[in-house]
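Atoms within each ligand, like the ligands themselves, are counted from 1 in listed order.
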Amino acid sequence: MYHSRGVLWKSSLVPLARRIDPLRRHRCFSSTAVAHRGWDRLPASVRVVEVGARDGLQNEKTVVDTAKKIEFINRLSGTGLRTIEATAFVSPKWVPQMGDHKEVMAGIDRRQGVTYPVLVPNLKGYEAARAAGATEVNIFTAATESFCQKNINCSIDESFDRFRPIFEHAAADGIRVRGSCSVVLGCPYEGAMEPSQVVPVVRRLLEAGCYEVSLGDTLGVGTAGHADRLLQALSAEGLPFERLAMHCHDTYGQALANILTALQYGIAVIDSSTAGLGGCPYCKGALGNVATEDVLYMLHGLGIHTGVDLDGVIDAGAFMSEVLGRPSVSRAAKALLTKRGEGG
Ligand SMILES: CC(C)(COP(=O)([O-])OP(=O)([O-])OC[C@H]1O[C@@H](n2cnc3c(N)ncnc32)[C@H](O)[C@@H]1OP(=O)([O-])[O-])[C@@H](O)C(=O)NCCC(=O)NCCSC(=O)C[C@@](C)(O)CC(=O)[O-]
């Protein structure tokens, strides 16, 4: 059972929550206390999960030199970031860009206090990740059957069948398992998402044993009102917000607004990608993740502690932008580089 650390909602809003999410009637979570949203719920500190080296690069057409990926990760680990997703142990036939996962894991300097999670879709990926020295893995599924099929070639139920042995092995190996649920606000194949489609998958990931679940607006189509509706529904289910993270792509320029909405529910873990790198190979038209630089600029402006040096992240982003031969899409990086007299 999970216990919401939220405050009681205004009673007038509760019937609305029931209308939004009929599953509430059948929920197995005990809490009747649901979180309200507001400035008073902003977390004092946020852990930024850097996904640039994985989510950011996986969609690049030209395979990025392994040494450059390693240098990128090493530069990022010097900025105070505590979680840096390093690579994915997925099929190289499906995502060739991640085919050097073993070499990346072998080449990076493992800095004390920094975790380097890797994506794994099945036991084969888990075993390869463990052999490469991963201490945390990220399993991933989706809120829609269509996206799940396109992304990992199986149904949502089958994805959980694949995860079961991962949890068993991870428990024995002392490896932490994080979960990601894609297309929580919109799916390229099924359109806008109702919270009632998303809540059960998130709940299942938590119940299966993920220490944290990341809510992915994979397509980057969500707006703040939609994000709010999803968060209300998760809250009405009593899901533990201290175990949720927000993962927004910025296709429609809505990512920061959606993240701010999540922060107002007390969510204190935000995924982002330096220089706004990225896009999902199975999500046509989706642009990169929200830029880490932009997230840091907003968080620091709100007085939220991250422990991350924004200038250092800007430098790492400039390095990878040069490798890729195109400028960063981070507005904050561009502005601050211009201020430094380095263009942008
Ligand atoms: C899941 C599979 C493997 C199923 O793919 P499949 O073809 O159904 O799997 P299979 O079990 O039939 O195996 C086919 C071949 O793949 C191999 N194989 C099987 N598993 C692995 C593995 N782990 N590592 C390496 N090789 C593997 C296996 O050995 C075999 O090799 P063959 O006999 O043909 O030579 C495939 O669909 C896949 O790799 N998909 C990758 C999907 C992906 O990486 N998508 C992008 C990341 S998700 C994302 O970006 C969203 C997220 C997380 O950021 C959040 C958000 O924004 O929403």
**Q.** Structural part of P92 in contact with ligand 1, heavy atom criterion under 4.0 angstrom
**A.** side chain
Q) Which atoms of ligand 1 are found less than 4.0 Å from any heavy atom of N122? A) 3 (C), 19 (C), 20 (N), 21 (C), 22 (C), 23 (N)
Q) Which atoms of ligand 1 are found less than 4.0 Å from any heavy atom of P121? A) 1 (C), 23 (N)
Q | Any side-chain donor near an acceptor of the partner, D217 and H226, under 3.5 Å | A | no
**Q.** Proximal candidate to atom 45 (N) of ligand 1 [heavy atom criterion; set N151, T218, D271]
**A.** N151
Q | Where ligand 1 meets H249 - atom numbers and elements under 4.0 angstrom, heavy-atom basis | A | 57 (O)
Q.
If we set the cut-off at 4.0 Å for heavy atoms, which region of Q58 has an atom near ligand 1: side chain, backbone, both, or neither?
A. side chain
Q. Ligand 1 versus V95, non-hydrogen atoms closer than 4.0 Å: side chain, backbone, both, neither?
A. side chain
Q: From atom 29 (O) of ligand 1, work out which of E85, K124, Q97 has a heavy atom at the shortest distance.
A: K124
(Q) Please classify the R54 to ligand 1 contact at 4.0 Å (heavy-atom distances, strictly less than): side chain, backbone, both or neither. (A) side chain
Q) Should the proximity of L119 to ligand 1, defined as any heavy atom under 4.0 Å, be assigned to the side chain, the backbone, both, or neither? A) side chain
(Q) Under the rule for salt bridge (Lys or Arg N to Asp or Glu O under 4.0 Å), what residues qualify as partners of R331, not counting sequence neighbours? (A) none
Q.
Applying side-chain contact (heavy atoms from CB on, under 4.5 Å), can you list everything that pairs with I70, at least two apart in sequence or on another chain?
A. T66, N74, I108
Q. Under 3.5 Å, is there a donor-acceptor pair between the side chain of T115 and the main chain of P117?
A. no
